[in-house]
Structures are given as C-alpha cells and as structure tokens.
Amino acid sequence: MASDDAPPETSTEWWRVDTATLHARKQELKVVKRRADAEQNAILAEINSRGIRGCSGHSTLAALIFEDFLVTDKEASDRADRVLALHPGPAIGGDPEPPLAPLTAEAAAEGAIGGSQIDAIIRTLARIPSTVPEEDVRAGEKILVDLARHAGPRQIARAGRRLLDKLDPDGKEPRNEDPKDTRPELRFVKHRDGSLGLKARLDLETYARLKSDLDPMAKPHKAIDGVRDSRSQDERYGDAFTDYVRLKTTSRNLPGQAGEATHILVTMSYDDLIRDIGEAHLDLVGPISATDARILACDARVRPGVLGTAGEPLDIGRSKRTVSLAQKYALTLRDGGCTFPGVRHEALLTNSEVRDHRHCYVASGW
C-alpha cells in the first residue's frame with residue numbers, strides 16, 4: 001500500500017484490507033496529522049508575530065483559534081499556549097522572544113509527538129526557575145522529548161516531576177511565609193441569575209474545623225430500594241452547609257440581635273400566609289414565595305403587626321404571651337407576692353393554686 005503523506009483521493013474499502021495494513025496506515029496517518037498540526041501551528045505563530053489584530057481583527061491568538069476552528073474555549077486556550085511555547089514570540093523593540101521549547105517544536109514538526117505529549121513537556125518547562133542555566137534546561141527538555149517519542153502524557157509528567165526535583169530541589173517558594181497568618185475573608189454574592197452565594201478565604205485551622213464538621217453530614221445517603229443518592233459531592237456539601245448553619249444559629253452561645261437569638265425577618269400579610277398565595281419579603285434577601293415563607297414559619301415565632309395606608313407601623317404585637325423572670329421579680333418586689341384573689345403565700349400553695357399563681361402576672365396587665 002502507498003505510504004505517501006497525501007491521503008488517497010478515493011475512499012478505501014477498508015474491509016478488504018488485511019489487519020497488518022490497517023495498523024500500518026493508522027500509524028502513517030497519525031504522523032501525517034501531527035505534521036499538519038505542526039505546520040498549522042507555525043502559520044499561527046507567524047500571524048501572531050505580525051500582529052493578531054492587524055492580520056485578523058481578533059484581540060488574542062486564542063480568540064482567533066476559537067472562531068476559525070470552532071473549538072471550545074479551553075481547546076483554543078491550550079492550542080494558543082502550545083503555539084506560543086513552540087515558536088518565537090513577537091519582537092518588541094529588539095530580538096524576538098525565544099521559544100520555551102525549541103526541541104519539542106522540532107519533534108512536533110517531524111510528526112514524532114502530538115498535542116497532549118507536547119502539553120506535558122511545556123507544563124514542566126514552564127515550572128523550571130529562570131536561575132537554572134540554559135544548557136541544563138535544554139538537556140532536560142531533550143530527555144522529555146526522547147521519552148515522548150514512545151510514551152504518553154502521564155509518563156512524561158512523572159519524568160517531568162523528577163526533572164524538576166533535580167533542577168530545582170528547593171521547589172517553589174510558598175506565597176505566604178506562614179499560611180496560618182492568612183486573613184480570613186467572607187463575601188456574600190448575588191449572581192446575575194438571582195441565586196446567592198459565598199466567597200471565602202480561610203486560615204488553616206478554620207478550614208480544618210469547618211471541613212471536619214461538614215464531612216460527616218455530607219456523606220451519601222444510604223440506598224433506598226436500591227436507589228443510590230443521586231446528589232453530586234458539591235450538592236451534598238451544599239446541603240450539609242445548609243443544615244450546619246441552621247444548627248449553629250439555634251445555639252444559645254452565639255451572639256444575638258437586639259437581645260434575641262440570631263434571627264431572620266420574613267414579612268407578609270396574614271391572609272397570604274394562610275392561603276399560600278402571593279409573596280413575602282425576606283430581610284437582607286428580597287421577595288420569596290408564600291410557600292417558602294410557610295416553610296420558614298413552621299419553626300418560627302409569628303409576630304403580628306398593623307401598618308397604616310402609607311406602610312407606617314401602627315402596632316407591633318408579641319410573638320408570645322409569657323412573663324419574663326425579670327417581670328416576675330419586679331412584681332414580687334412591688335406587690336410583696338401574688339395579688340390574685342384567693343391565692344395565699346407561695347410556700348403554702350396547693351398544686352391548683354400554683355397554677356393560678358403562675359397566671360396572675362399575666363392577669364395583672366403585663
């Protein structure tokens with residue numbers, strides 16, 4: 001069978017071809033494709049050196065690849081990075097910027113290595129510090145290129161890590177000398193689609209505490225009738241965090257608001273709440289459905305309020321009609337004991353009189 005680089009003009013009836021020929025042609029086409037990709041990359045590099053905007057009207061090389069080749073953003077970005085690493089960059093007031101991986105470019109032009117192998121080599125070379133001598137960098141690149149001729153990306157990446165350990169034994173310096181000193185940050189976010197979220201930066205201790213609390217709550221539910229938990233890991237942690245917040249905000253040890261435990265305020269008309277229609281207003285968030293309001297009201301205290309025609313508050317009721325301990329002590333000091341008719345001194349009360357005694361403070365007008 002012909003081994004020319006050009007593909008046959010007529011369609012081959014591959015079912016007539018023997019297995020050995022199929023494998024041989026498959027490998028030939030692999031080399032042809034790699035050489036075509038290398039040539040196309042060289043053309044893209046030349047367009048880039050002449051100025052992307054002037055040659056094509058695009059702002060970046062990745063944008064040109066994205067539109068002309070109809071690929072994803074990631075594919076376009078990876079292809080652009082490959083082109084820039086294998087070929088000299090545009091000359092800005094002097095000589096062109098030398099390529100990151102010239103030996104890799106030569107092997108790619110031969111058709112000996114392809115895209116994912118090239119990317120594995122480039123990622124390693126990009127991590128070599130600028131303090132390493134050029135001859136050592138090129139010697140390391142040659143080792144990776146020779147390996148790539150008969151190995152895949154994973155093997156190249158493992159060899160790359162060993163090469164980095166040899167060329168840069170100290171490794172990359174951490175950005176923070178002491179990560180424990182990271183300043184915690186928390187931001188509440190409203191997305192364009194109306195959903196709400198959080199963005200946080202945590203110190204190591206807080207991160208570990210939060211994750212250890214959420215991990216048990218985020219485990220998949222046991223299968224019911226053979227049906228497994230269909231939630232993703234992110235969804236399980238989202239549900240766990242929701243439960244975690246609800247549990248924590250009911251703690252008596254947390255600081256309160258205006259003398260009460262941590263609370264949120266939901267406002268809606270009584271009729272709409274009962275009939276499950278209309279919408280309510282959740283403090284700090286905005287409108288919510290009547291159904292969501294009813295769910296929140298299940299374990300909430302309902303405080304009635306009367307508003308005027310202009311929305312001014314005329315009367316705000318109480319969420320419960322019980323006397324506080326401070327009120328009880330104040331009445332005892334004022335009245336010298338219970339003043340409910342027929343109730344004797346507290347130490348001599350019967351069980352029925354104790355019940356009357358408990359209600360007398362309410363009857364006194366408090």
Side-chain angles (χ1 to χ4, degrees), residues 1-12 24-128 130 134 137-154 156-157 160:
M1 180 157 191
S3 58
D4 296 335
D5 289 348
E9 295 181 0
T10 59
S11 176
T12 303
R25 185 56 180 166
K26 167 177 63 68
Q27 295 304 107
E28 289 174 356
L29 291 176
K30 179 182 70 173
V31 175
V32 170
K33 183 178 183 302
R34 286 174 173 175
R35 289 176 178 174
D37 286 343
E39 183 177 0
Q40 196 175 58
N41 287 343
I43 294 173
L44 291 171
E46 179 60 25
I47 293 174
N48 184 61
S49 67
R50 297 183 183 186
I52 288 291
R53 190 175 295 278
C55 290
S56 66
H58 295 89
S59 58
T60 64
L61 180 59
L64 167 66
I65 296 172
F66 174 79
E67 184 166 327
D68 286 358
F69 299 157
L70 303 178
V71 294
T72 64
D73 288 336
K74 185 179 186 308
E75 289 178 289
S77 178
D78 291 344
R79 184 76 178 270
D81 290 343
R82 200 176 303 152
V83 170
L84 297 176
L86 298 182
H87 299 277
I92 303 176
D95 296 331
E97 183 72 18
L100 174 68
L103 303 181
T104 306
E106 293 176 3
E110 297 172 17
I113 60 177
S116 57
Q117 296 165 303
I118 295 172
D119 293 341
I121 297 174
I122 291 173
R123 281 193 291 267
T124 298
L125 297 179
R127 295 173 59 189
I128 298 178
S130 59
E134 179 68 16
V137 176
R138 297 283 76 85
E141 182 187 4
K142 185 177 186 306
I143 292 174
L144 297 179
V145 170
D146 291 343
L147 174 64
R149 292 176 182 272
H150 56 81
R154 287 188 178 182
I156 299 170

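- The salt bridge (Lys or Arg N to Asp or Glu O under 4.0 Å) search around Lys30 returns none, not counting sequence neighbours.
- The structure places CZ of Arg34 at 13.5 Å from CG of Asn41, a figure rounded to the nearest 0.5 Å.
- Side-chain contact, Arg35 with Gln40: no donor N or O sits under 3.5 Å from an acceptor N or O.
- Across Leu84, Leu100, Leu144, a single residue satisfies side-chain contact (heavy atoms from CB on, under 4.5 Å) together with Ile122, and that is Leu100.
- Atoms CD1 and CG, on Ile43 and Asn48 in that order, are 13.5 Å from each other to the nearest 0.5 Å.
- In this structure, CD1 in Ile156 is found 5.5 Å from CG in Leu147, a value given to the nearest 0.5 Å.
- Asp81 contributes atom CG, which lies 9.0 Å from atom CG of Leu61 (distance to the nearest 0.5 angstrom).
- The minimum heavy-atom distance linking Leu44 with Phe69 is given by the pair CD1-CE1, 4.1 Å.
- Of all heavy-atom pairs spanning Pro153 and Ala120, the tightest one is O-CB, 4.0 Å.
- Shown here for Ala76 and Ala62, the closest heavy-atom pair between the two residues is CB-O, 3.5 Å.
- Sorted by first and then second residue, the salt bridge (Lys or Arg N to Asp or Glu O under 4.0 Å) pairs involving residues 103-114 (not counting sequence neighbours) are Glu110-Arg149.
- Summarising the geometry of Ala101 relative to Leu86, their closest heavy-atom pair is O-CD2, 3.7 Å, with the distance given to 0.1 Å.
- Minimum interatomic distance between Ala109 and Ala38 (heavy atoms only, all atoms of both residues): CA-CB, 3.7 Å.
- Remark: the backbone N or O of Ala148 is paired with a side-chain donor or acceptor of Gln117 at under 3.5 angstrom.
- Within the structure, salt bridge (Lys or Arg N to Asp or Glu O under 4.0 Å) pairs that include any residue of residues 68-77 comprise Lys74-Asp78 (at least two apart or interchain).
- For Asp119, the salt bridge (Lys or Arg N to Asp or Glu O under 4.0 Å) test picks out Arg82, with sequence neighbours left out.
- Residues forming a salt bridge (Lys or Arg N to Asp or Glu O under 4.0 Å) with Arg138 (at least two apart in sequence, or on another chain): Glu134, Glu141.
- Taking the salt bridge (Lys or Arg N to Asp or Glu O under 4.0 Å) definition, one finds that Glu67 meets it with nothing, sequence neighbours left out.
- Distance check, rounded to the nearest 0.5 Å: OG1 of Thr60 to CD1 of Ile65 gives 8.5 Å.
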